[in-house]
Amino acid sequence: MSLARRASAEFAGTALLVAAVVGSGIAAARLSPGDVGLQLLENAVATALALGALILTFGPVSGAHFNPVVSAVDWWLGRRTGTGLTVRELAGYAAAQVAGAVAGAVLAALMYGLPAVSWSHTARTGGNLWLAEVVATAGLVVLIFALARSDRATAAPAAVGAYIGAAYWFTSSTSFANPAVTIGRAFTDTFAGIAPASVPGFVAAQLVGGLVAVAALAVWYPQARRATDAAIVPHPIEETALR
């Protein structure tokens, strides 16, 4: 399957994911004004359900990464055996994911009659939030590749959606766990936004989380690199079925 085709799926999937995050945040703030806890619950449920549906939709095309850290770990684990992304594919995926995230934030704003771009003023910074992003990202990456290693990749839509939905609540950062999504959410001054000045700290923490996940996989799933293709590279039968 061509890189352009897979990158387009990553663009669309990431855009719809961010549209779900931002759009449900806007709806929650309007439907439940003054109740931040209820707003977060509504936002988390919508995001978890949307993520599972998007993985089912785009998984057979691109592997449904929607996340540069997942793509980078896939490249790292499969670089020696040729089962993961190449450097060129990694660059294409990451670019599509970031562009898609920005497009998704713009789409959500337009659907709710807001300016297409309004830079967020919500500061999210501090060691506790960065630690939360390390934990959230590491847990997400370990989950994805653990499922692949144990031949349970079909459970990924439900498992990943459930993890992100839970991580909204057990992490102080509300589990961004994704550099592309973090960048996209800087473009909206709504419930789900993050101030541009806070983005570098979150992205750095997420990259650290990816490194932690690689180390954990090396200990717990030493053969994970052999299952990388099951996690994200569509099989020939899947490509044929899509034609």
Side-chain angles (χ1 to χ4, degrees), residues 1 5-18 20-21 44-78 81 83-85 89-90 93-94 96-97 100-101 104 135-171 175-181 206 209-210 212-214 216-218 220-239 241-242:
M1 192 176 297
R5 186 174 178 182
R6 285 180 284 146
S8 69
E10 286 296 300
F11 173 89
T14 310
L16 291 172
L17 173 59
V18 174
V21 173
V45 170
T47 300
L49 293 176
L51 181 55
L54 291 170
I55 292 172
L56 286 171
T57 302
F58 295 104
V61 183
S62 66
H65 292 196
F66 314 146
N67 189 330
V69 174
V70 173
S71 299
V73 171
D74 175 74
W75 162 75
W76 179 260
L77 294 180
T81 58
T83 55
L85 296 177
E89 290 170 332
L90 172 58
Y93 268 48
Q97 291 155 358
V135 172
T137 307
L140 173 63
V141 174
V142 169
L143 170 63
I144 291 170
F145 288 95
L147 290 173
R149 176 65 183 89
S150 56
D151 297 321
R152 294 177 295 161
T154 54
V160 173
Y163 175 82
I164 291 297
Y168 257 80
W169 288 89
F170 75 74
T171 64
S175 184
F176 283 44
N178 185 328
V181 169
Q206 291 154 2
V212 171
V214 168
L217 288 166
W220 297 331
Y221 293 91
Q223 303 303 318
R225 65 174 60 90
R226 296 183 181 177
T228 298
D229 58 339
I232 66 95
V233 179
H235 298 291
I237 188 172
E238 293 171 338
E239 181 177 357
L242 288 169

Inset, instruction - State which residue, out of D74, T81, V73, fulfils the side-chain contact (heavy atoms from CB on, under 4.5 Å) condition with L77. - result: V73
Minimal non-hydrogen separation, [X] against [Y], with atom names:
{"X": "A44", "Y": "W169", "value": "CB-NE1, 3.8 Å"}
{"X": "P68", "Y": "P179", "value": "CD-CD, 4.0 Å"}
{"X": "A20", "Y": "A50", "value": "CB-CB, 3.6 Å"}
{"X": "A156", "Y": "I55", "value": "O-CD1, 4.2 Å"}
{"X": "S175", "Y": "A136", "value": "OG-CB, 3.5 Å"}
{"X": "A159", "Y": "L147", "value": "CB-CD1, 3.9 Å"}

Would you check if [X] and [Y] make a side-chain contact, meaning some heavy-atom pair closer than 4.5 Å?
{"X": "L85", "Y": "H65", "answer": "yes"}
{"X": "S62", "Y": "Y93", "answer": "yes"}
{"X": "N178", "Y": "V69", "answer": "no"}

Legend entry - Atom pair OG1/CD1 of T47 and I164 - distance to nearest 0.5 Å: 9.0 Å
Inset, instruction - Would you please name every residue forming a side chain to side chain donor-acceptor pair (under 3.5 Å) with Y163, sequence neighbours left out? - result: none
Where the side chain of [X] meets the backbone of [Y], is there a donor-acceptor pair that is under 3.5 Å apart?
{"X": "N67", "Y": "A180", "answer": "no"}
{"X": "Y221", "Y": "A216", "answer": "no"}
{"X": "E10", "Y": "F66", "answer": "yes"}
{"X": "R6", "Y": "V61", "answer": "no"}
{"X": "T171", "Y": "Y168", "answer": "no"}

Inset, instruction - Assess the side chains of T14 and Q97: does a donor N or O sit below 3.5 Å from an acceptor N or O? - result: no
Legend entry - Sequence-distant partners of L90, side-chain contact (heavy atoms from CB on, under 4.5 Å), two or more places apart: S71, A72, W75
Legend entry - CH2 (W220) with more than 12 external heavy atoms under 6.0 Å: no
